2 protein chains.
Amino acid sequence: MKKPAHSEAALQAAVTELSLAVGQIIRRLRTEGNPDALNLSQLGTLARLDKNGPMTNADLARTESMKPQSMNTILAGLEQEGFVERRPHPTDGRQILFAISSAGHEMRRQRGIAKRNWMTAAMSELEPEEFKTLVAAIPLIRRLVGS
Amino acid sequence: MKKPAHSEAALQAAVTELSLAVGQIIRRLRTEGNPDALNLSQLGTLARLDKNGPMTNADLARTESMKPQSMNTILAGLEQEGFVERRPHPTDGRQILFAISSAGHEMRRQRGIAKRNWMTAAMSELEPEEFKTLVAAIPLIRRLVGS
DNA sequence: TATTGTTATACTCTATAACTATA
DNA sequence: TATAGTTATAGAGTATAACAATA
């Protein structure tokens, strides 16, 4: 059995504090901005499709640690707004590929970040070293989740 | 006007990635573990009371960037389980101080030494340098939110 | 039989609104 | 009038369950 690299107390404190910080930031992210804008998950999914290219519902759900049924709801919203398009899978008749549309690209460019403007502003106030620390921590958080 | 310390592209990428990571971790935090256990907000509130001493509903709500009505629900749950107690405010008849009870302390202590949750386990797998980075990032996240 | 997607439903967490009591 | 707390209601976001179609 591998010996933990950090003291038990430091570990527990970090877990508590990270949980609290994450809860706090998600509340702010959810309530900020106009209510009719895309929500956090929709923006994230759009960003993922933009970065990775067309993906299936199931793949997207796995990437964001979410149930396919939940991702379905997110994609339905994006599709209704015209920000994503369906494409049949070339070989597998079950699967459906979702791709970001030109309207989706335009949305990302224009008002995609509206809901997160406060965060952008707050981040730009960080010192260079602090920003570097924060950016380095993001993949660590994702690794904790296990993706 | 102050010039941002980081490139626009790096800033936007960081905002997107942090938002996604936060969403991911909050989903896992919510769904993991037995459903009858205390939820994330309840555990956080208990930790806060343990650390800061007795606080009012309004103070707790401010600390966690939450509405008093929402904090009320959280405190009601904790009170029902016997993990917090009410105390009248010495001078202001409107205010009610909430304090962690001995049962609340016991619950926290047992949780600490009991079976680690996934996050504790995952964190203990981090390299010392990585753990240091993650811990350093937590207050930065809280600062972003503005607490 | 396993996987993909869909539909229907329910649950968790938090917000908004309206009220009462004390300052 | 302002602030603390309470109660009732609503909403967003995601999960669970059950099903049909394809592999």
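Reminder, nothing fancy here: chain letters follow the sequence lines and each chain counts from 1. Note that the structure is predicted; figures quoted are calculated from it, not measured.
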Euclidean distance, atom CD of residue B:Glu79 to atom P of D:dT7 [Å, nearest integer]: 11 Å
Phosphate contact (D:dT6 OP1 or OP2) by B:Arg86 side-chain N/O below 4.0 Å: yes
Nearest-nucleotide comparison on DNA chain D, the residue closer to the 5′ end among A:Met66 and A:Arg94: A:Met66
Touch class at under 4.0 angstrom, heavy-atom based, for B:Gln95 against every strand present: sugar-phosphate
Protein-nucleotide distance (A:Arg30, atom CZ; C:dC13, atom C1'), rounded to Å: 8 Å
Selected nucleotide, minimal atom distance to B:Ser70 side chain, candidates C:dA15, D:dT7, D:dG5: C:dA15
Atom pair distance, as rounded to whole Å: CG in A:Asp59 and C1' in C:dG5: 13 Å
Distance-only donor-acceptor test, B:Arg27 side-chain atoms vs D:dT14 base atoms, 3.5 Å: no
Integer-rounded Å distance: D:dA4 P and B:Leu60 CG: 13 Å
Any B:Asn39 side-chain N or O less than 4.0 Å from OP1/OP2 of C:dT12: no
OP1 or OP2 of C:dC13 under 4.0 Å from side-chain N/O of B:Ser41: no
Contact nearer the 5' end of DNA chain D, comparing A:Thr73 with A:Asp92: A:Thr73
